[in-house]
Number of protein chains: 2
Amino acid sequence: MTSTRSYSRGETIFDSDEDSPELHIMSEGWAARSVSFKDGSRQITDFLIVGDLCDLSALGKGSVGRVAALTPAVVTVLNRQAVTAAMASHPNLARAFISIALIEQATLRVWLAYMGRHEKTTHLGHLFCELHARLRRVDLVGDHSFDLPLTHEVLADATGMSGVHLNRVLQQMRKDGLITLHKHHLEILQPQRLRELAEFDPGYIRPL
Amino acid sequence: MTSTRSYSRGETIFDSDEDSPELHIMSEGWAARSVSFKDGSRQITDFLIVGDLCDLSALGKGSVGRVAALTPAVVTVLNRQAVTAAMASHPNLARAFISIALIEQATLRVWLAYMGRHEKTTHLGHLFCELHARLRRVDLVGDHSFDLPLTHEVLADATGMSGVHLNRVLQQMRKDGLITLHKHHLEILQPQRLRELAEFDPGYIRPL
DNA sequence: CGGCCTTTTGACCCCGTTCAAACGTAGTGG
DNA sequence: CCACTACGTTTGAACGGGGTCAAAAGGCCG
């Protein structure tokens, strides 16, 4: 039936090349999908948290990038064939997967839009708003703060900036009294102001 | 049954707000989905050409941005309910839509990765490779050249650069003997070199 | 205590932006 | 056929955000 599997930081959970008969759902920890280039740089395209499907792509064609654990992580493993069989008899399940894929699309479009924008401060602020909203869905936030067990390097790879600059943006946000970030715990001090600054509209976040 | 509709340049084909009972398929011309910001800037997140679905999002939750014609365009209009009904009786159709959504995702991830990269030349080169591959699928290329009825401004909004800089990148590519671009017709003079330069891997393009 | 991985800070520099103006080129109407 | 206009392309000059390189200063763990 369903089983779980544990990964330690840095381990690959799924790679676009493989054609695995499994479907992975995050049960604990953080993971990221990323695309790498010859010059060593990488772009993180998705953060995966509890409840997220790692490889929806196993249900159809089309996949890019590698999913790797960013923290110690646990995933639940489903059998792909069992899922596709269930889809055949329950059309609503198929529609649910389409919806999930579309929500992931929407998030990618928002990321793309913010990546194209110029001020990196806005971009990072938006990411914080998004993560807060997503973590809230799965009860991983306390009021306006949450654990963010990621290194600067990871945040930089997600927002398309250098680690050095990411650090400077953070300093600025702290100085502006927008956030605190200590020991991998982020607190949003002025949620309203941050949302306005980042033009955050939670409409694209997956509803519960 | 199915009907068609025509749009002139700039007209909105679909907006994420509306909850239309229709599904649109591009039959002629070019369109783009874009996200806009308060400051007037916009980011194009998808180019739509013949055969592309404008609003897969009508089949589920999750949508961002507005789809607008970039040239005079013709779309075929399908009835959404008819499609969802067909999906219920033909599970393979549902899987096909999942695949389409996943391929769109893959493209978005690639765009995101190139947006995060630093050299804009690479980014634009990659876009040209992608467009060529996609247009080839629908027989709209002649050897290594194709019509590209887009303004610099549009290309700039897609690649996240200013119109001025986009023009300069183009000049450089011309000087390097990589391409010519005249009267909205692009010719790739050194396809192999361009692909290598842009690290283009067509694996993510929708197969025929 | 000694490494190793992160975070922080400083200095320098370049890619890409912005502002502006000039230069096509196509379309419209007299 | 020639203005006149509107839009797109091209070019110049100046500025600045963010990158790169390098080194110091914290944590964290064996």
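Just so we're on the same page: letters track the sequence lines, and every chain starts at 1.
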Spacing of B/Arg9 atom CZ relative to C/dA26 atom P, expressed in whole Å: 14 Å

Interface residues of residues 158-168 of chain A with DNA chain C (non-hydrogen, below 4.0 angstrom): A/Val164, A/Asn167, A/Arg168

Under 4.0 angstrom between A/Arg117 side-chain N/O and D/dG17 OP1 or OP2: no

Side-chain donor-acceptor pair present, A/Tyr204, A/Glu130, cut-off under 3.5 Å: yes

B/Asp157 CG - C/dG16 P separation (whole Å): 17 Å

Side-chain donor or acceptor of A/Thr2 paired with backbone N/O of A/Leu78 under 3.5 Å: no

Identified salt bridge (Lys or Arg N to Asp or Glu O under 4.0 Å) counterpart of B/Arg33 within the set B/Asp55, B/Asp46, B/Asp52, B/Asp157: B/Asp46

d(CD, A/Glu119; C1', D/dG18) in whole Å: 13 Å

Touch class at under 4.0 angstrom, heavy-atom based, for A/His184 against every strand present: sugar-phosphate

Expected output: side-chain A/Asp15 to main-chain A/Arg66 donor-acceptor under 3.5 Å: no

Protein-nucleotides 27-30 of chain D N/O pairs under 3.5 Å:
from   : atom 1 : to       : atom 2 : distance (Å)
D/dC28 : OP2    : A/Lys183 : NZ     : 3.4

Rounded distance (Å) that lies between atom P of D/dC7 and atom CG of B/Leu150: 18 Å

Min side-chain heavy-atom separation A/Glu28-A/Thr4 under 4.5 Å: no

Contact list for DNA chain C against residues 170-181 of chain A - heavy-atom distance below 4.0 Å: A/Gln171, A/Arg174

Main-chain N/O of A/Gly160 paired with A/Lys120 side-chain donor or acceptor, under 3.5 Å: yes

Donor-acceptor contact below 3.5 Å, side chain A/Arg134 vs main chain A/Phe47: yes

Atom-pair distance (CE on B/Met115; P on C/dG16), nearest Å: 13 Å

B/Arg206 vs B/Arg137, side-chain contact (heavy atoms from CB on, under 4.5 Å): CA-CA, chis, key distance, verdict: CA-CA 9 Å; B/Arg206 194 213 303 201; B/Arg137 276 191 62 245; 3.8 Å; yes

N/O donor-acceptor pair under 3.5 Å between A/Gln43 side chain and A/Ala158 backbone: yes

Donor-acceptor contact present, side-chain A/Glu199 to main-chain B/Lys38, <3.5 Å: yes

Whole angstrom value for the distance that separates C1' of C/dG16 from NE2 of B/His123: 14 Å

Whole angstrom value for the distance that separates P of C/dT17 from CD of B/Glu153: 11 Å

Separation of atom NE2 in B/His152 from atom C1' in D/dT10, rounded to whole Å: 9 Å

Lys NZ or Arg CZ of A/Arg42 over A/Phe37 ring: under 6.0 Å, within 45°: no

